[in-house]
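Note that ligands are numbered from 1 as they come in the structure, with each ligand's atoms numbered from 1 the same way.
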Amino acid sequence: MMSSNQQEIPFIKLNKEEVQNFIDLIHKQYGSKPIIEYRYNFIKETSKVLIPLNQKYFNEIKSLLEEMPSIDHKIIYGNATINPKFKYKTIADVLKEDLPNWPSHLIPKSYDIIGSIAIVEFANLNNFSKRKKLLFKKCVAKAITIVNRSINSVYEKVSQIQGKYRLRKLKLLYGIDNPETIHKENYAIFKINVKKAYFTPRLVNERKKIANTPIDIGELIVDMFAGVGPFSIQIAMKHNVKIYAFDINTDAYRYLKENISLNQVESKIFPYNIDSKKLLESGNQLGTSLKGKIDRIIMNLPEKSLEFLDVACFLLKKKGGIIHNYQFSPKPNSIELAIEKLNQHLTHYQYQIKKIIRAEIVKSYSPSSELISLDIKVTS
Ligand SMILES: C[S@@+](CC[C@H](N)C(=O)[O-])C[C@H]1O[C@@H](n2cnc3c(N)ncnc32)[C@H](O)[C@@H]1O
């Protein structure tokens, strides 16, 4: 009886000395077509080697061998066993076997990995029938799990990031429907529900930069849009500071609290489930107690951060402090434009730019705009 990792397939049986000639011939003739099944073990006998072949291309190989009678060979069928060391490098490699004729430019080149979850986006597939589209998407999703063995669930992005909680709609394509996972980033761990709270692994370097920036002992910091806590927690793990972390989304706040304790920074981060604007309201106790006391503010809400500069200036010390500001800014000159807009808003609240510590394009956001990161020293 065949075990689950065995399969009956054709092998070509060659003299040991002929093996390299045969492999070279196949590569020369077929390029990257998966004629030889490297995912199965080669079988070695005393003077012979059995090379596993792809059943799909078997007729092509047979006619090639007929034209090349100089290679002394025999075709035999036998049980193939999985080569445990074999790894597919890309989803395109896997799809060569399952969907050999699919246009390669439609295969997603990248996808986000958050813990055991992959999130993938597809190009426009409107030229295909509903059935073909779904088959392709499921094959891509399965291929992602073959390339990355730690992925248990593959979701498709089915909307833009939207609403005040900055969430997007996700649809399960393959695996277990469990949107909660544990994600490691730099030296911290995060429990995240990808459907209920915002998180992107694409800011990993940004968070590293901010956490590695020189921060004075005892600084008071506000993370105005903290999400599940990636900025706050990575700063708190490196510096002796106090961080007030706010988020309006109750689910994000729940994960923020859990992540604070998972990373053992309870004595440094104080989470609040609030709308940061509310700090300005007269009678808001938290706002009153933090007014004019803050050294550093993180403002990672790129589409609206400028609208919250009133809150930032209300919280900052009168002598000034540092703002880590994120904005989506139109191309070209996205950086200059982002600095100009920030300055205009600061002037309105009687603050000004003292020094631009860092101004960078983090990534492209749309064909016409970029995500800009600004580390700015401001003074009143
Ligand atoms: C772009 S996400 C950034 C989250 C986090 N900083 C990160 O890097 O993963 C923005 C977050 O701001 C929160 N948010 C939006 N408006 C808010 C407001 N008025 N007050 C507090 N939080 C807000 C959203 O719920 C969301 O979690």
Side-chain ion pair, Glu206 and Arg358, N-O less than 4.0 Å: yes
for atom 12 (O) of ligand 1, nearest protein heavy atom and its distance come out as Phe225 CB, 3.2 Å
To which protein heavy atom is atom 20 (N) of ligand 1 closest, and what is the distance rounded to 0.1 Å? Ser276 N, 2.9 Å
Using heavy-atom distances, let me know which of Asp247, Thr200, Asn300, Leu167 sits nearest atom 25 (O) of ligand 1. Asp247
Hey, is Arg207 close enough to Glu185 for a salt bridge, meaning N to O under 4.0 Å? yes
Write out the residue and atom name of the closest protein heavy atom to atom 2 (S) of ligand 1, then the distance separating them to 0.1 Å. Tyr198 CD2, 3.3 Å
Using heavy atoms and a 4.0 Å limit, tell me yes or no: is Lys304 in contact with ligand 1? no
Would you mind checking which non-hydrogen protein atom is closest to atom 22 (N) of ligand 1, with the distance to 0.1 Å? Ile248 N, 3.1 Å
Considering all heavy atoms of both residues, which atom of Lys208 and which atom of Gln234 are nearest to each other, and what is their separation? N-OE1, 4.4 Å
Looking at Phe270, does the NZ or CZ of Lys242 lie under 6.0 angstrom from its six-membered ring centre and within 45 degrees of the ring axis? no
Between Lys277 and ligand 1, which part of the residue brings a heavy atom under 4.0 Å of the ligand: side chain, backbone, both or neither? neither
Assess whether a salt bridge exists between Glu45 and Lys16, defined as any Lys/Arg side-chain N lying under 4.0 Å from an Asp/Glu carboxylate O. no
I'd like to know whether ligand 1 has Phe308 as a neighbour, heavy-atom separation below 4.0 Å. yes
Contact summary for Ile119 and Tyr111, nearest pair of heavy atoms: O-CB, 3.4 Å
Could you tell me if the ring centre of Tyr88 sits under 6.0 Å from that of Phe86? yes
Under 4.0 Å from one or more heavy atoms of Arg207, ligand 1 contributes atoms 7 (C), 8 (O), 9 (O)
Determine whether the side chain, the backbone, both or neither of Pro230 has a heavy atom under 4.0 Å from any heavy atom of ligand 1. side chain
Given that the side chain starts at C-beta and the backbone is N, CA, C, O, which of these parts of Ala226 lies under 4.0 Å from ligand 1, counting heavy atoms, or is it both or neither? backbone
Report the C-alpha separation of Ser153 and Asn178 in whole Å, then their side-chain angles, then the decisive distance to 0.1 Å, and conclude whether the side chain to side chain donor-acceptor pair (under 3.5 Å) test is met. CA-CA 7 Å; Ser153 319; Asn178 178 9; over 6 Å; no
Atom 15 (C) of ligand 1: which protein heavy atom is closest, and how many Å away? Lys164 O, 3.0 Å
N or O pair under 3.5 Å between Asp275 and ligand 1: yes
What atoms in ligand 1 come closer than 4.0 Å to a heavy atom of Met224? 21 (C), 22 (N)
Atoms in ligand 1 with a heavy atom of Phe231 nearer than 4.0 Å: 6 (N), 8 (O)
Region of Ile274 engaging ligand 1 - heavy atom pairs below 4.0 Å: backbone
Inspect the contact between Asp251 and Lys195 and indicate whether a charged nitrogen and a carboxylate oxygen are less than 4.0 angstrom apart. no
I want to know whether Phe225 and Phe308 have ring centres closer than 6.0 Å. yes
